Protein chains: 2
Amino acid sequence: MDHVIDVLKDKISGEVVFSENPGKALRKWRRIFEVSQRELADKMGVSPSVISDYESDRRKSPGINFIRKVITALFEIDKSRGYKTISKYRELISGVNLDVIIDMKEYSRPLRFEEFLDVVNGRALVKTDRVVGGYTIIDSIKAILTLNAYDFYKLYGYTSERALIFTKVTTGRSPMVAVRVANLKPSVVVLHGLERVDEIAVKIAEMDNVGLVVTNLRIEELIDRLRGVE
Amino acid sequence: MDHVIDVLKDKISGEVVFSENPGKALRKWRRIFEVSQRELADKMGVSPSVISDYESDRRKSPGINFIRKVITALFEIDKSRGYKTISKYRELISGVNLDVIIDMKEYSRPLRFEEFLDVVNGRALVKTDRVVGGYTIIDSIKAILTLNAYDFYKLYGYTSERALIFTKVTTGRSPMVAVRVANLKPSVVVLHGLERVDEIAVKIAEMDNVGLVVTNLRIEELIDRLRGVE
DNA sequence: AATTTGTTACGACTATTGACGAAAAAAGGA
DNA sequence: TCCTTTTTTCGTCAATAGTCGTAACAAATT
């Protein structure tokens, strides 16, 4: 567990340090840990208005002591709750064969479906009113060869409101079936590199309220555009 | 490469944020990237004495803007050198089955052999004057089943002056042979949980100037002690 | 030994952080 | 709708960060 904790601490630290809006990133993580500002403030020994000031980006360049205290407090609170949140990421961090994941990223603000559609230069087969909080790009061929339905869970980033992007797809049925069997609930599934979409894939997306998008951007450009968001 | 860059940025950020001596951590990484204070200062658009002040921990809680500028500058410099340093970590980050690694950590200051010996409560079979800059704890049984000689290289952390700790060892010969075949050069090899050490293992350690240590601490206690350093 | 390169120590000063509390606003529940 | 809880806004101030330049020190090279 210590290794998982270290990796997650690094991840949060890095995200805050490199964020245009460090306070917003802190707020995102506090919400992921399901901690109120009050509880966090109490744990850190400061006033709740301090938390609010930081999260609203009143401080443009918070010192690392503050960042460390926030993260440490969040982890201590989660520990007192039996590692409720951290345990969700344990298997993600330790068991994924990262060759399957081409790229993965969390956005600091959710994207509306239409905005996301524009980013990936995609055509919508099934629309959704759900938002996109991040994405995972998956090499479908490698995933099929190495992953079972359970392992799809590990492909998730840190929120479920995200886009799963399957590359090297022929009809799109296998990815959608896997998503359904594993009971995953991404906001959007993007199918990349196929000519005709299997109608079963479309039906699954409709039944599960998952946006379905196809795109033929080159993978490199797709990554550039997805990373260029925000 | 972008994924590798992100993970490494997170790693450095996390290490600085959680370090008792953030300046020392920054210095460590600047040296790993083989960048002079002058070059870094020029890249950041500040005076070299600024770098020196930070690295000597004159600033107890540097703001994240500064941290970000340091890391960004180091990466840009490395990029201009053809990713000379970052490429060393590419395969480490993307290809390791992390189930094999029980724990791994970098120390912000090198430990002398005697000090390290005390930490692991070990008995020295072969001594060395080399220092220990970090450690990797490896599950030997899993490593044997899944790794070939080349993959041992991936088990390294960020410096070669480190300790490789093999757990669940029967005689110690296989780990030492693997270390030799892969031409690895750890400072110290720790063999854990064996009753008698194979004399070939001892000979290899002597020939390669690798300290050889045995310990019978429980794994949990071993990890606690190793993590408790500093 | 002299020179060059790299680094350190420190005084100084402006800008910003870190933190508080009070009042207002927003959110959630009965 | 009312009440409670949570969060936000903002003025304020002491402490510290961010940065400079200078002199000194240390290491490497000629």
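Remember, it's a predicted structure, so these values are computed and weren't measured experimentally.
The heavy-atom pair separating V70(B) from L40(B) by the smallest distance is O-CD1, 4.0 Å.
Here the OG-CD distance, from S47(A) to Q37(A), works out to 10.0 Å after rounding to the nearest 0.5 Å. Between K69(A) atom NZ and L74(A) atom CG the span is 13.5 Å, to the nearest 0.5 Å.
Taking atom CG of residue D57(B) and atom C1' of nucleotide dG18(D), one finds them 16 Å apart after rounding to whole Å. Rounding to whole angstrom units, CG of residue D53(B) and P of dC25(D) are separated by 17 Å. One atom, CG of D42(A), and another, P of dT5(D), lie 14 Å apart when rounded to the nearest Å. The distance between atom CZ of F66(A) and atom P of dT16(D), rounded to the nearest whole Å, is 17 Å. Look at CZ on R30(B): it is 11 Å from P on dG6(C), rounded to the nearest Å. Straight-line distance from the CG atom of L40(A) to the C1' atom of dT8(D): 16 Å, rounded to whole Å. In this structure, I51(B) places its CD1 atom 19 Å from P of dC10(C), rounding to the nearest Å. In this structure, R68(A) atom CZ and dG18(C) atom P are separated by 12 Å, rounded to whole Å.
No donor-acceptor distance shorter than 3.5 angstrom exists from the side chain of S13(A) to the backbone of V17(B), with no hydrogens or angles considered. Remark: side-chain polar atoms of S187(B) are not paired, donor with acceptor, to backbone N or O of V132(B) under 3.5 angstrom.
For S52(A), no side-chain nitrogen or oxygen approaches OP1 or OP2 of dT7(D) to under 4.0 Å. Contact check, Q37(B) against dT5(C): no side-chain N or O comes under 4.0 Å of OP1 or OP2. The phosphate of dT8(D) (OP1 or OP2) has a side-chain N or O of R27(A) nearer than 4.0 angstrom. Using a 4.0 Å cut-off, no side-chain N or O of K69(B) falls inside it from OP1 or OP2 of dA17(D).
As judged by a 4.0 angstrom heavy-atom cut-off over every strand, N65(A) is placed among residues making no nucleic acid contact.
Side-chain atoms of S36(B) stay outside donor-acceptor range of the base of dG6(C), with no qualifying N/O pair under 3.5 Å.
Applying the ring pair (Phe, Tyr, Trp, His ring centres under 6.0 Å) test to every pair with at least one member in residues 119-138 of chain A, sequence neighbours left out, gives these pairs: Y107(A)-Y135(A).
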Hey, what are the protein-to-nucleotides 12-17 of chain C N/O distances that come in under 3.5 Å?
| from | atom 1 | to | atom 2 | distance (Å) |
| --- | --- | --- | --- | --- |
| dT17(C) | OP1 | K60(A) | N | 2.9 |
| dT17(C) | OP1 | S61(A) | N | 2.8 |

- Message: Go through it in stages, so that I can follow the logic: the residues are L222(B) and V120(B), the test is side chain to side chain contact (heavy atoms under 4.5 Å, CB included), and I'd like the CA-CA distance, side-chain angles, deciding distance and then a yes or no.
- Response: CA-CA 6 Å; L222(B) 180 63; V120(B) 299; 3.8 Å; yes
